[in-house]
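Residue numbers start from 1 in every chain, and the chains themselves are labelled A, B, ... in the order their sequence lines are given, proteins ahead of strands.
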Number of protein chains: 2
Amino acid sequence: MKSAKDIFSEYLSKQKLKMTPQRRTILDAFLNEEGHVSSEELYNMIRKEDSSIGQATVYRTLKLLAESGIAKAVDFNDGVLRYEHKYGHDHHDHLVCEQCGTTIEAVDPEIEHLQEELAKKHGFVLTHHEMYLFGVCKECQDKSE
Amino acid sequence: MKSAKDIFSEYLSKQKLKMTPQRRTILDAFLNEEGHVSSEELYNMIRKEDSSIGQATVYRTLKLLAESGIAKAVDFNDGVLRYEHKYGHDHHDHLVCEQCGTTIEAVDPEIEHLQEELAKKHGFVLTHHEMYLFGVCKECQDKSE
DNA sequence: TTCACTGCAAAAGATTTGCACCCTC
DNA sequence: GAGGGTGCAAATCTTTTGCAGTGAA
């Protein structure tokens with residue numbers, strides 16, 4: 001199976017773009033992250049090790065990573081765009097705790113199927129979807145008792 | 001059944017806030033809109049009739065409308081926050097056409113139910129959810145043939 | 001009379017862009 | 001060597017906020 005780095009390299013050359021040390025650094029940092037990173041978070045992590053990389057490059061590279069299919073943009077409605085791993089990770093939806101901010105990733109095949117049906121009923125051909133379930137997680141429920 | 005205006009008035013007085021001509025104007029303009037309006041769109045509409053209302057007031061009032069339960073914020077990931085009618089309108093999800101921007105509102109009771117189940121399985125108590133299905137609508141499919 | 005409300009302009013915060021120099025292919 | 005890439009700072013764009021004056025209750 002191809003590594004994320006291979007995918008990215010291939011994407012770059014296909015688009016006649018270039019691999020650079022900065023892009024490598026940012027890709028590595030991104031791959032080392034779990035969860036959902038914002039551009040700024042990633043920038044701060046990277047800066048600790050290589051302070052010569054600029055914010056703009058991180059923004060630009062994350063966009064490229066999304067285009068190449070390695071990253072996926074997710075929006076929790078808090079004003080910051082985050083990115084999560086996409087390549088090698090299955091599609092999933094998000095359960096977001098409104099109190100502590102924890103997010104859980106989950107999929108329900110039945111829901112996925114019904115979404116297709118619903119789209120078809122309205123004449124749509126789906127390209128992708130986003131589902132966010134907002135609520136209170138177990139821990140926060142216990143806490144507030 | 002209470003009108004949206006009543007709801008808003010009650011909300012204001014409960015919060016010790018005041019009803020003002022500006023708020024009345026903005027509420028009216030919002031209620032006259034169908035679909036999903038951004039603050040700026042609403043501001044532009046209002047300005048045609050009363051150019052003395054400021055942007056900031058529109059932003060501030062839409063926030064109030066959302067708090068009072070009359071409006072609901074929706075985010076189609078295009079950088080602008082939109083508001084749609086909530087009071088007197090059932091909950092629904094969105095089908096968004098990525099080509100022409102059309103949105104269709106839809107609900108599937110079965111999906112709604114499964115969402116609850118999914119949340120329960122992960123120990124969450126749901127407060128609300130958002131589901132966006134992105135794809136290509138009938139018209140745009142026909143167009144590109 | 002008392003605070004909340006408003007318009008304005010300035011501020012803030014996230015992201016994008018212009019530009020001159022740098023470096024990959 | 002050509003053309004894309006980079007850092008930096010300035011520019012954008014949406015939304016928020018400070019302030020001094022205005023007005024609803």
Taking OP1 and OP2 of dT6(D), is either one under 4.0 Å from a side-chain nitrogen or oxygen of Arg23(A)?
yes
Would you find more than 12 non-hydrogen atoms of other residues, nucleotides or ligands less than 6.0 Å from His91(B) atom NE2?
yes
Do Arg82(A) and Val37(A) come close enough that some side-chain heavy atom pair is under 4.5 Å?
no
For a quick check, with a 4.0 angstrom heavy-atom cut-off, what is the B/S/- contact string for nucleotides 15-25 of chain D, read 5' to 3'?
BBBB----BBS
Donor-acceptor side-chain pairing of Gln22(A) and Thr61(A) below 3.5 angstrom:
no
Check: Phe30(A) ring centroid to Tyr83(A) ring centroid under 6.0 Å:
no
Would you say the side-chain atoms of His129(A) and Glu116(A) include a donor-acceptor pair closer than 3.5 Å?
no
Taking atom P of dC8(D) as reference, at what distance in whole Å does atom CD of Gln22(A) sit?
11 Å
Lys121(B) and Asp108(A) ion-paired at < 4.0 Å:
no
Sub-4.0 Å heavy-atom contacts from residues 44-52 of chain B onto DNA chain D, ordered by number:
none
What integer distance in Å separates Lys14(A):NZ from dG4(D):C1'?
19 Å
As a quick check of understanding, evaluate side-chain hydrogen bond (donor to acceptor under 3.5 Å, both in side chains) for Glu41(A) and His36(A), giving each step before the final call.
CA-CA 10 Å; Glu41(A) 281 160 7; His36(A) 315 91; over 6 Å; no
Please lay out, stage by stage, how Tyr132(A) and Glu130(A) fare under the test side-chain hydrogen bond (donor to acceptor under 3.5 Å, both in side chains).
CA-CA 7 Å; Tyr132(A) 300 99; Glu130(A) 287 176 29; 3.0 Å; yes
Give the rounded distance in Å between these two atoms: NZ of Lys16(A) and P of dA2(D).
18 Å
Leu42(B) CG - dT14(D) P separation (whole Å)
15 Å
For Leu62(A) and dT16(C), give me the distance from atom CG to atom C1', rounded to whole Å.
14 Å
What integer distance in Å separates Gln15(A):CD from dT24(C):C1'?
17 Å
